[in-house]
*Asks:* 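This structure is in structure tokens; I'll ask about it shortly.
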Amino acid sequence: MRKLGKTASLSKKQDKQLKRPFILIAIMLAMFMNAIEGTIVSTAMPAIVSDLGGFSLYSWVFSGYLLMNAVTVLIYGKLSDILGRKPVLLFGIAVFLIGSFLCGFANSMTELIIYRFIQGFGAGAVAPVASTIIGDIYKNDERARVQGYLSSVWGISAVMGPALGGLLVENLTWKLVFWVNIPLGILSFIGIWFFLHENIEKKKRDIDYLGASLLTLSISTLMLILVEGGNWSWASAPIISLALVALLAFILFILQEKRAAEPMMPFEIWQERSILIANLVSLTTGVMMIGLSSFLPTFVQGVMERSPTVAGFTLTAMSIGWPIASMVSGRLLSKIGFKSTSLLGGCSLIIGSLILVWMKPEAGPLLAAIGSFFVGVGMGLTSTSFIVVIQKTVSWERRGIATASNMFMRNLGNTVGAALLGGVMNTKLHSYISEHEPAGTEVTIDTANKLLNSEEREMLPDTVVKVLQEGLTLSLHTIYLIVLAFSIVSFILLTRLTKNK
């Protein structure tokens with residue numbers, strides 16, 4: 001423990017050398033770069049699909065990014081406990097910027113998906129390591145306030161992301177939604193390079209590569225099942241084979257973690273009830289968040305026939321609720337406790353989900369924005385509470401992996417959610433089109449590409465537009481019923497939290 005104590009002296013011995021405001025700014029820039037990626041790309045996706053084609057691959061643009069993010073976050077968390085936070089975070093930012101640069105040059109949906117994998121590989125380091133650095137350089141009584149700042153970054157990015165994405169798509173080119181991150185990443189890289197100093201005593205440690213490989217295999221095959229389930233029969237040989245591979249890989253992963261000297265996922269940290277429930281709720285809210293950010297713009301543009309900018313502003317409401325709730329949660333934690341603050345967030349998630357379920361095409365984008373706002377409030381209250389409690393529960397040498405485990409569960413929820421909800425949308429839309437296809441026309445899922453472009457939509461026969469919009473409405477209504485179910489599960493889990501001592 002003496003060596004660990006030497007490592008943990010970052011916030012004490014070097015406190016005078018650390019320029020915490022500059023480090024905080026650099027970290028917030030990195031978080032903003034990572035956070036804005038989701039909302040800005042969601043808003044631009046209709047334009048991207050219209051340009052590159054491949055509507056059936058729609059969900060893979062999100063799933064590919066989220067898969068690499070979800071799988072690598074645990075590895076980066078563990079490496080940050082071994083090598084230090086600084087080199088791991090700098091590496092992640094560099095890879096993310098390379099992926100962002102390449103995405104702007106994609107000439108097909110397949111190329112874009114490949115470059116999104118690269119982006120996700122770098123993004124896995126940003127959120128968990130940045131949050132862990134805050135836990136290192138700030139004391140317990142300061143963390144709630146500062147973590148509130150970091151959580152609010154996600155909200156602010158969601159405010160700017162949809163609006164900026166809509167403006168770039170309408171007035172310039174969708175390529176800029178990827179390139180806008182580059183100057184932010186460079187500034188963050190420079191700030192962390194010059195102002196963050198660590199005193200890490202290096203020693204030989206075992207990295208659980210086998211565990212990482214087994215987890216990657218398990219999640220990848222599960223996601224492929226969920227995405228392609230609408231195109232293959234659920235009882236077909238490929239689906240059954242992939243399911244067996246996913247299950248076997250996950251069982252082997254658990255066995256490997258129990259025997260590994262330095263497990264990638266030390267399961268003993270899950271024995272703490274607050275960490276267990278926080279991680280499970282992060283999984284369910286991750287599904288909810290991707291359901292909102294990925295598919296709401298499609299509904300507003302394709303069914304309500306509004307512009308990309310208007311579609312973006314419906315998501316902006318979520319980002320307004322998120323930072324407000326994040327800032328308030330820091331105070332609520334000290335006044336009413338972790339459980340009560342989290343339950344307030346759970347209630348808000350249910351309210352937002354109910355509004356989305358009741359939403360009709362003729363209701364207009366205002367109702368969509370109200371639903372987004374309540375979901376944002378729920379996300380802000382719960383996410384900040386979870387990170388503060390987790391970092392307070394564990395020691396320095398496990399803070400990286402403990403923070404990463406929570407991020408992993410949310411990313412896993414995003415990944416599974418994108419695949420699951422994308423598969424549901426494809427299945428429902430394909431089924432509706434098959435049953436209601438107008439005579440003498442050939443309508444497929446990919447015909448929905450034209451529904452998302454106002455000029456091409458006007459060229460379609462009215463009967464085709466009607467079928468596509470009704471099919472899309474039914475599909476997205478089903479998605480938000482699933483989102484509501486996950487919000488109810490989240491609330492039930494939150495009731496199992498113990499009250500603060």
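For the single chain, residues carry numbers from 1 onward in sequence order.
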*Asks:* What side chain to side chain donor-acceptor pair (under 3.5 Å) pairs are there with at least one residue in residues 348-360, not counting sequence neighbours?
*Replies:* none
*Asks:* Applying side-chain hydrogen bond (donor to acceptor under 3.5 Å, both in side chains), name anything that partners S100, two or more places apart in sequence or on another chain.
*Replies:* Q119
*Asks:* Roughly how far, to the nearest 0.5 Å, is the OG1 atom of T478 from the NZ atom of K428?
*Replies:* 4.5 Å
*Asks:* Are V424 and I482 side-chain neighbours, meaning at least one heavy-atom pair lies under 4.5 Å?
*Replies:* yes
*Asks:* Would you confirm whether R116, through its side chain, and G99, through its main-chain N or O, come within 3.5 Å as a donor-acceptor pair?
*Replies:* no
*Asks:* Taking all non-hydrogen atoms of both residues, which atom of I93 and which atom of A30 are closest, and how far apart?
*Replies:* CD1-CB, 4.1 Å
*Asks:* Could you pull out all residues at least two apart from S490 that satisfy side-chain hydrogen bond (donor to acceptor under 3.5 Å, both in side chains)?
*Replies:* T284
*Asks:* Contact between L112 and C103 at the side-chain level, heavy atoms closer than 4.5 Å - yes or no?
*Replies:* yes
*Asks:* Quick check for you: to the nearest 0.5 Å, what is the distance between F121 atom CZ and I98 atom CD1?
*Replies:* 10.5 Å
*Asks:* Rounded to the nearest 0.5 Å, what separates atom OG in S405 from atom CH2 in W270?
*Replies:* 6.0 Å
*Asks:* So, does S487 use its side chain to make a donor-acceptor pair with the main chain of L484 at under 3.5 Å?
*Replies:* yes
*Asks:* My understanding is that only residues two or more places apart in sequence, or in another chain, count here; which of them pass side chain to side chain contact (heavy atoms under 4.5 Å, CB included) with L24?
*Replies:* M28, I134, Y138, V146, Y149, L150
*Asks:* Would you name the heavy atoms of I118 and V95 that are closest together and state the gap between them?
*Replies:* O-CG1, 3.5 Å
*Asks:* Taking the side chain as everything from C-beta on, heavy atoms only, tell me whether V489 gets closer than 4.5 Å to V281.
*Replies:* no
*Asks:* For the pair T495 (side chain) and I492 (backbone), establish whether a donor and an acceptor sit closer than 3.5 Å, ignoring hydrogens and angles.
*Replies:* yes
*Asks:* Please round to the nearest 0.5 Å and tell me the distance separating atom OG1 of T285 and atom CG of L349.
*Replies:* 7.0 Å
*Asks:* Of all residues at least two apart in sequence or in a different chain, which pass the side chain to side chain contact (heavy atoms under 4.5 Å, CB included) check with I275?
*Replies:* E272, N279, I390, T393, V394
*Asks:* Tell me if a side-chain donor or acceptor on S385 pairs with a main-chain N or O of L381 at a distance below 3.5 Å.
*Replies:* yes
*Asks:* Sequence neighbours excluded, which residues qualify as side chain to side chain contact (heavy atoms under 4.5 Å, CB included) partners of L187?
*Replies:* L29
*Asks:* Starting from the C-alpha separation in whole Å, work towards a yes-or-no answer on side-chain contact (heavy atoms from CB on, under 4.5 Å) for L344 and I336.
*Replies:* CA-CA 11 Å; L344 283 176; I336 65 175; 4.0 Å; yes
*Asks:* If every non-hydrogen atom of L497 is compared with every non-hydrogen atom of K339, which pair is closest and at what distance?
*Replies:* O-NZ, 3.0 Å
*Asks:* So, taking the atom named CD1 in I350 and the one named CE in M288, what distance separates them when rounded to the nearest 0.5 Å?
*Replies:* 8.5 Å
*Asks:* According to side chain to side chain donor-acceptor pair (under 3.5 Å), does anything in residues 368-381 pair up with another residue at least two apart or in another chain? List the pairs.
*Replies:* none
*Asks:* Look only at the side chain of T314 and the backbone of P365, and say whether a donor-acceptor pair between them is shorter than 3.5 Å.
*Replies:* no
*Asks:* Under the rule for side chain to side chain contact (heavy atoms under 4.5 Å, CB included), what residues qualify as partners of S282, not counting sequence neighbours?
*Replies:* F386, N406, M409, R410
*Asks:* Does the plane of the ring in F96 sit parallel, tilted or perpendicular to the ring in Y65? Use 30° and 60° as the thresholds.
*Replies:* perpendicular
*Asks:* Return the minimal non-hydrogen interatomic distance between I355 and I370, and the atom names on each side.
*Replies:* CD1-CG2, 3.7 Å
*Asks:* Answer whether the closest heavy-atom distance between the side chains of M379 and F374 falls below 4.5 Å.
*Replies:* no
*Asks:* Less than 4.5 Å apart, side chain to side chain, heavy atoms only: is that true for V483 and V287?
*Replies:* no
*Asks:* With rounding to the nearest 0.5 angstrom, report the OH to OG1 distance, Y115 to T110.
*Replies:* 11.0 Å
*Asks:* Compare every heavy atom of F373 with every heavy atom of G321, then report the nearest pair and how far apart it is.
*Replies:* CA-CE1, 3.5 Å
*Asks:* How close do A125 and Y76 get, counting heavy atoms only, and between which atoms?
*Replies:* N-CD1, 3.1 Å
